[in-house]
Amino acid sequence: MFFQKPNIPKGTRDFTPVEMARRNYIFDTLRGIFQVFGYQPIETPAMENLSTLMGKYGEEGDKLLFKILNSGNFLDKTQDPGLNLLSEDPLSHYKELTPFITEKGLRYDLTVPFARFVVQHQHELVFPFKRYQIQPVWRADRPQKGRYREFFQCDVDVIGSPSLLYEVELVQIIDKVFSALGIKVSIRINNRKILAGIAETIGASGKFNDIMVAIDKLDKIGVDKVNEELTVRGLSKEAVELLQPFLRQEGALESNSGILEGLLLNSETGKKGIREFQEIKEMLDNLQLKNNFALDIKLARGLNYYTGTIIEVKALDAKMGSICGGGRYDDLTGIFGLPDMSGVGISFGADRIYDVMLELGLFPADIAATTRVLFVNFGPEEVKYCLTMASRIRESGISSEIYPEVAKLKKQMEYANRKNIPFVILAGQDEINHGRISVKNMKSGEQQTIESGELLTFLQL
RNA sequence: GUGGUCGUAGCUCAGUUGGUUAGAGCGAUAGAUUGUGGAUCUAUAGGUCGUGGGUUCGAGCCCCAUCUUCCACCCCA
């Protein structure tokens with residue numbers, strides 16, 4: 001008989017019960033906090049029309065979209081003689097061919113589908129609309145540690161208000177979430193307007209994206225290499241020269257936005273960005289957060305729909321990319337025909353949070369326990385006796401199970417032990433005759449005999 | 001997408017310059033103990049050496065391809 005070793009696609013994973021218990025611990029924590037701030041859940045389909053997805057994440061993003069081949073004879077539409085896509089040299093025409101054979105794609109994040117959702121349901125929603133969404137997303141990236149092709153994002157967004165109060169709220173949520181999970185984090189904040197102001201000040205607004213990419217690497221490769229890269233990317237000598245104050249005083253800028261303001265005197269946009277940050281900072285300073293936040297002008301973020309505040313969160317004690325990030329977008333719904341809808345939101349990377357928590361040993365030990373009580377199976381008579389009791393305690397929400405067959409006690413005890421079941425009930429003929437049961441506490445090893453009617457109160461202690 | 005890297009029992013890993021029958025620890029199963037798990041002792045089972053080709057009298061080891069893992073770019077949760 002032939003068999004193939006089964007496998008799952010690169011960058012995807014199965015989750016065992018233990019892993020699910022831990023993942024749900026994260027999801028439950030997030031959900032609880034989101035709800036406390038008044039956010040409501042929604043879900044959207046795994047696949048979207050490619051027209052919804054394409055062009056929203058920059059050129060790189062388009063490449064990382066998983067595209068779904070049309071069903072049926074997907075080559076049908078390419079037969080148009082005017083197109084000549086297949087007859088000549090199909091290999092060199094693969095890009096032009098793409099829209100003819102695929103029109104759906106797996107979602108790349110939750111923000112763009114959310115924008116689409118808002119536009120489609122605008123008449124049913126109450127604005128400002130606050131929603132959260134916990135679902136998987138897919139990226140055709142090359143996997144690495146902390147980088148998967150299928151992973152869960154947990155998004156909180158509010159759309160329909162430019163109020164900076166929501167930026168503050170989101171930072172509060174970040175702070176609450178990570179203190180609840182026990183992860184120490186640094187929260188870095190920047191503003192696209194500040195970045196635009198810098199580009200404007202050095203007279204290189206046209207090179208905005210190149211400047212962002214280069215500045216983003218400052219920590220990694222240092223000032224000199226950044227300058228080199230800027231030159232390679234076509235920035236003039238003068239512009240690079242003008243940029244130096246920003247690059248070299250970076251530390252001072254974090255602690256004193258006055259210096260930054262001085263540097264951006266001639267840029268209205270830049271000054272507006274600074275004012276926004278200061279306003280947010282003032283509100284946050286009164287809130288006594290458990291984690292630190294700071295302005296970081298190096299923070300750029302790749303997604304090109306951000307227009308204001310941008311936020312990124314990193315774990316302090318683990319080597320991992322950002323575990324949470326987001327920002328404000330002024331016109332994400334504009335492309336879908338609903339202009340002037342400012343929104344702001346963040347996304348928690350559940351899988352990276354999981355990896356960090358596992359590395360740091362932050363999961364509670366008893367997290368995987370599902371059954372609280374196991375009834376030992378001594379035979380058909382005894383099982384009947386146990387079935388009644390099992391039903392009764394289940395009524396009270398206490399999970400219980402009966403061992404399925406008459407096996408050696410050792411085996412049954414071992415089953416309880418391995419499943420982390422804290423209580424084992426032994427009810428043999430002896431106990432039944434007296435209307436009693438023996439309860440063994442698997443943690444302490446103690447065992448006592450009680451009236452069968454006392455079981456519920458015993459367990460509820 | 002570019003460059004590199006890893007893969008041997010369920011898990012962690014040995015395996016010499018290519019040489020007979022591929023090993024260990026942990027785990028699993030059974031027993032020592034017929035109503036008592038975790039500790040100990042004994043025994044047993046468990047391997048397409050990632051997959052497919054090739055070189056060779058002979059390949060876990062060498063060559064090619066491919067899949068997977070991890071890493072650096074790129075980008076990002």
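Here is how names work: the chains are called A, B, and so on, in the same order as the sequence lines, proteins then strands, and each is numbered from 1. Because only heavy atoms are used, hydrogens play no part in the values below, and waters and symmetry mates are left out as well, while side chains stay in.
- Here Lys440(A) does not reach the OP1 or OP2 of U36(B): none of its side-chain N or O atoms lies under 4.0 Å away.
- Taking every side-chain heavy atom of Arg147(A) into account, C75(B) is the closest of A72(B), C75(B), G38(B).
- Taking the C1' atom of each, U55(B) and A59(B) are spaced 10 Å apart, rounded to whole Å.
- For Asn417(A), counting side-chain heavy atoms from C-beta on, the closest listed nucleotide (G38(B), C70(B), C75(B)) is G38(B).
- Between C74(B) and Lys217(A), a contact under 4.0 Å exists linking OP1 or OP2 to a side-chain N or O.
- Residue-to-nucleotide contacts include no donor-acceptor pair under 3.5 Å from the side chain of Arg139(A) to the base of C75(B).
- For Arg142(A) and C71(B), a side-chain-to-base donor-acceptor distance below 3.5 Å is absent, hydrogens and geometry of angles not being considered.
- One can find a donor-acceptor pair under 3.5 Å joining the base of U36(B) and the side-chain atoms of Gln447(A).
- Atom C1' of nucleotide A30(B) and atom CD of Glu414(A) are separated by 11 Å, given to the nearest angstrom.
- Here Lys408(A) reaches the OP1 or OP2 of G31(B): one of its side-chain N or O atoms lies under 4.0 Å away.
- If you check every strand for non-hydrogen atoms under 4.0 Å, Val137(A) touches nothing.
- Screening Leu316(A), Ile183(A), Asp351(A) for a side-chain contact (heavy atoms from CB on, under 4.5 Å) involving Val356(A) leaves a single residue, Ile183(A).
- Scanning atom types as modelled, no donor and acceptor separated by under 3.5 angstrom connect the side chain of Glu382(A) and the base of G35(B).
- The residue Gly11(A) sits close only to the backbone: its heavy atoms come under 4.0 Å of sugar-phosphate atoms, none of a base.
- Between Tyr415(A) atom OH and U29(B) atom C1' the separation is 18 Å, expressed in whole Å.
- Across the strands present, G35(B) finds no partner; the criterion is a Watson-Crick or G-U wobble pair with both atom distances under 3.5 angstrom.
- With hydrogens and angles ignored, no donor-acceptor pair closer than 3.5 Å exists between the side chain of Arg418(A) and the base of G27(B).
- Remark: Arg22(A) qualifies as a cation-pi partner of Phe363(A) under the 6.0 Å distance and 45° angle criteria applied to the six-membered ring.
- No donor-acceptor pair closer than 3.5 Å links the side chain of Asn441(A) to the backbone N or O of Glu446(A).
- One atom, CD of Glu59(A), and another, P of G1(B), lie 16 Å apart when rounded to the nearest Å.
- If you find the closest nucleotide of RNA chain B to Phe378(A) and to Asp216(A), the one lying nearer the 5' end belongs to Phe378(A).
- The phosphate of A72(B) has OP1 or OP2 within less than 4.0 Å of a side-chain N or O from Gln144(A).
- With a 3.5 Å ceiling on both atom-pair distances, C61(B) lacks any Watson-Crick or G-U wobble partner.
- You'll find that the side chain of Ser322(A) is closest to A77(B), out of A77(B), A30(B), G37(B).
- Geometrically, Arg23(A) engages Phe152(A) in a cation-pi contact defined by less than 6.0 Å to the ring centre and at most 45° from the axis.
- Nucleic acid contact for Cys324(A): sugar-phosphate only, since backbone atoms but no base atoms lie under 4.0 Å from a heavy atom of the residue.
- Arg372(A) forms no cation-pi arrangement with Phe423(A), by the criterion of a distance under 6.0 Å to the ring centre and an angle within 45° of the ring axis.
- Note on Gly445(A): a base of the nucleic acid sits closer than 4.0 angstrom, heavy atoms only.
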